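Reading through the structure tokens given below for one structure.
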Amino acid sequence: MPGNALKILVADYDLATTLASGQAFRWQPGAGVWTGVIHRHWVQLHGVPGGIEATTAGPVTDWSWLTHYLQTDLDLPTVLASFPADEPLRAAVQHARGLRLLRQDPWECLASFILSSTKQIVQIQQIVALVAERYGEPLAVPNGHSPTHAFPSAERLAALSEADLRDCKMGFRAPYLLAAARAVAGGKLDLERLRGVELAEAREALITLPGVGPKIADCVLLFAYDFPQAFPVDVWVMKALRRLYFPRRARSPARLQRFITTYFGPHSGYAQQYLFHYMRTHPNPV
DNA sequence: GCCCAGGTGAAGC
DNA sequence: GCTTCACATGGG
């Protein structure tokens, strides 16, 4: 029987921390409820004892889009057990146990992170909301809720001008987003193909886009694909590495990179997310 | 006013 | 290889 509500049984899932953790930008907190958009679905989520309750605008028969996005089948204890047993990671995990990685749509994730450079998370949310409101297709929403839009397709954005995008307050990122939209819409960059290639090859393919460097590429590979060893290094993660792992003397970028790829194990991307969250919420040394 | 934000590319050495 | 700078915009 198709319904518009579902309870997902899952342990070790901190919904609020996950949705606010700066990997996805379309979630708005309410009174214990998170409202957002996944693909073409308006959805409300709230964490309850033993799991997550979801409500949609209309009847749903196949909920796999939701469970896949939330990654509720992932066994978190296995991931955590794969981390090196050091003090920084122990503290970071203890501080936010239940923090998860989502599995987003590659195009939306790529576009969002192109917009992310030297922006605070709240500002990225504002820009993404503006782009969706202006150029995304309207979605079905329950009575009493404000109108919501899907994130616009690459084809839709590719048809715009740079000025249209600059009007969405994205500044110097506008030509980068436009170039990415045109590369994807024109078939020059096949985001689906990246699902089946090695991490290094997928990274290279993304970095060919102007405005996409190693950090943004790794965000997309970690948050939208199945690359558990993608390890985006932003200002916060760099602070974590310097302060928690190399407090005495600075390491060259090459040495740091080698440390990242050898030290954190098969789920290093997850370790990165815990370190990121820990530094963001503990910006000052204890 | 000032500094900073889930960076990147270009120019300089 | 590494360092410095510009690039828009808004929050603290």
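Reminder, nothing fancy here: chain letters follow the sequence lines and each chain counts from 1. All values derive from a computational prediction rather than experimental measurement.
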Would you classify A/G22 as touching base, sugar-phosphate or nothing, given that sugar-phosphate means primed atoms plus P, OP1 and OP2, and contacts are heavy atoms under 4.0 Å? base
Where each residue is assigned the nucleotide of DNA chain C containing its nearest heavy atom, which of A/T118 and A/V122 is assigned the position nearer the 5′ end? A/T118
What contact category does A/L209 fall into here, base, sugar-phosphate, or nothing, at under 4.0 angstrom with non-hydrogen atoms? sugar-phosphate
With rounding to the closest Å, how many angstrom separate the C1' atoms on C/dC2 and B/dA5? 24 Å
Could you state the CD1-C1' distance from A/I121 to C/dG10, rounded to the nearest angstrom? 15 Å
Check the distance between B/dG9's P and A/I207's CD1 and give it to me in whole angstrom. 8 Å
Using a heavy-atom cut-off of 4.0 Å across all strands, would you classify A/S116 as base, sugar-phosphate, or nothing? sugar-phosphate
For A/I124 and B/dG7, what is the distance between atoms CD1 and P respectively, to the nearest whole Å? 7 Å
Counting any heavy atom closer than 4.0 Å, what does A/S21 reach on the DNA or RNA strands: base, sugar-phosphate only, or nothing? base
More than 12 heavy atoms of other residues, nucleotides or ligands under 6.0 Å from NZ of A/K239: yes or no? yes
Is the aromatic ring centre of A/F172 closer than 5.5 Å to the centre of the six-membered base ring of C/dA6, with the two planes inclined by less than 30°? no
Taking the P atom of each, how far is B/dA11 from C/dA8, in whole Å? 16 Å
Atom CG of A/L110 and atom P of B/dG6 are separated, to the nearest Å, by 19 Å
With A/R26, the side chain to side chain contact (heavy atoms under 4.5 Å, CB included) member among A/T35, A/L19, A/V128: A/V128
Test: A/D14 and A/R97 ion pair at under 4.0 Å: no
Strictly below 4.0 Å, heavy-atom distances to any atom of DNA chain B: list the hits from residues 226-241 of chain A, or just say none. A/P232, A/D234, A/V235, A/W236, A/V237, A/K239
Taking atom P of B/dG7 as reference, at what distance in whole Å does atom CZ of A/R173 sit? 9 Å
Short side-chain to backbone donor-acceptor contact, A/D167 and A/D164, under 3.5 Å: no
A/E137/A/R40 salt bridge by N-O under 4.0 Å criterion: yes
When you compare C/dG10 with B/dG1, how far apart are their C1' atoms, in angstrom units rounded to a whole number? 15 Å
Mind checking A/K119 for me? I need base, sugar-phosphate or nothing, with any heavy atom below 4.0 Å counting as a touch. base
Give a yes or no on whether a donor-acceptor pair under 3.5 Å exists between the nucleobase atoms of B/dG6, that is its base, and the side chain of A/Q272. yes
Which whole-number value in Å describes the distance from A/M170 CE to C/dG10 C1'? 15 Å
I'd like the P distance from B/dG6 over to C/dT3, given in whole Å. 23 Å
From CD of A/Q257 across to P of C/dC2 the rounded distance in Å is 12 Å
In a table with atom names and distances, give each donor-acceptor pair under 3.5 Å that connects a side chain of residues 222-231 of chain A to protein atoms at least two apart or in another chain.
residue, atom, partner, partner atom, Å
A/Y225, OH, A/L191, O, 2.7
A/Q229, NE2, A/G265, O, 3.2

Contact class for A/F223 (heavy atom, under 4.0 Å): base, sugar-phosphate, or nothing? base
What's the CD1-C1' distance between A/I216 and B/dG9, to the nearest Å? 12 Å
Nearest to the A/Q23 side chain among B/dG6, C/dG10, B/dA5, which nucleotide is it? B/dG6
Taking any heavy-atom pair under 4.0 Å as a contact, classify A/Q273: base, sugar-phosphate, or nothing. base
Take the angle between the ring planes of A/W65 and A/H41 and call it parallel below 30°, perpendicular above 60°, tilted in between. parallel
Closest approach of A/Y278 to A/A91 (non-hydrogen atoms, all atoms of both residues): OH-CB, 3.8 Å
